[in-house]
Amino acid sequence: MDEIRLYEMYLNEAIEERKSGLLNKNPEYQKLKEKFNNIMNNYPKLQLILEEDRQMILDETECKMLQKLVSIYLEMTDFEDKEIFLLGGKEMFYYLKDTGVIKEK
């Protein structure tokens, strides 16, 4: 069975599939996601700020947790960006191969 080519499907769908693959295959990414979810679950004000765009007054601990959330989020997006980059390279190779620009020997 042939792999589905990126240029044959919706870009967002392919990217989301790759991101969800990180949760299944990358233990470091899984830990980051778990930490992120734990903080969100333990600090409801942060959930309201980030998910419902509400304005809240935070205490010192909540401010520190918000900083931690941002740090974790940046680490997670680094993993996601690398996956998207690799996906693009792989799909470009297949596209060039399928269009005859790259020939197999």
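- Heavy-atom neighbours of Met56 CE from other residues, nucleotides or ligands within 6.0 Å: above the threshold of 12.
- Contact detail for Met76 and Tyr29: the closest heavy-atom pair is O-CE1, 3.6 Å.
- Using a distance-only test at 3.5 Å, with no hydrogens or angles considered, no donor-acceptor pair links the side chain of Ser71 to the main chain of Gln67.
- Linking ILVMFWY side-chain heavy atoms closer than 4.5 Å, directly or via other members, places Ile15 and Leu22 in two distinct hydrophobic clusters.
- Between Glu28 and Lys31, none of the side-chain N atoms (NZ, or NE/NH1/NH2) sits under 4.0 Å from a carboxylate O, so this pair counts as no salt bridge.
- Connection of Val101 to Tyr94 is established within a shared hydrophobic cluster, with ILVMFWY side chains joined at heavy-atom distances below 4.5 Å, either directly or through further cluster members.
- Leu86 and Phe79 end up in different hydrophobic clusters when Ile, Leu, Val, Met, Phe, Trp and Tyr side chains are linked at under 4.5 Å.
- In terms of hydrophobic clustering, with Ile, Leu, Val, Met, Phe, Trp and Tyr side chains grouped at heavy-atom distances under 4.5 Å, Ile84 and Tyr73 are assigned to different clusters.
- Pairs engaging residues 35-64 under the side chain to side chain donor-acceptor pair (under 3.5 Å) rule: Glu60-Lys64 [sequence neighbours left out].
- Taking CD of Glu80 as the start and OG of Ser20 as the end, the distance is 10.5 Å to the nearest 0.5 Å.
- Of all heavy-atom pairs between Lys68 and Ile39, the closest is CG-CD1, 3.8 Å.
- Ile102 approaches Phe93 most closely through the heavy-atom pair CD1-CD1, 3.8 Å.
- Residue Lys82 holds its NZ atom at 14.0 Å from CZ of Arg18, rounded to the nearest 0.5 Å.
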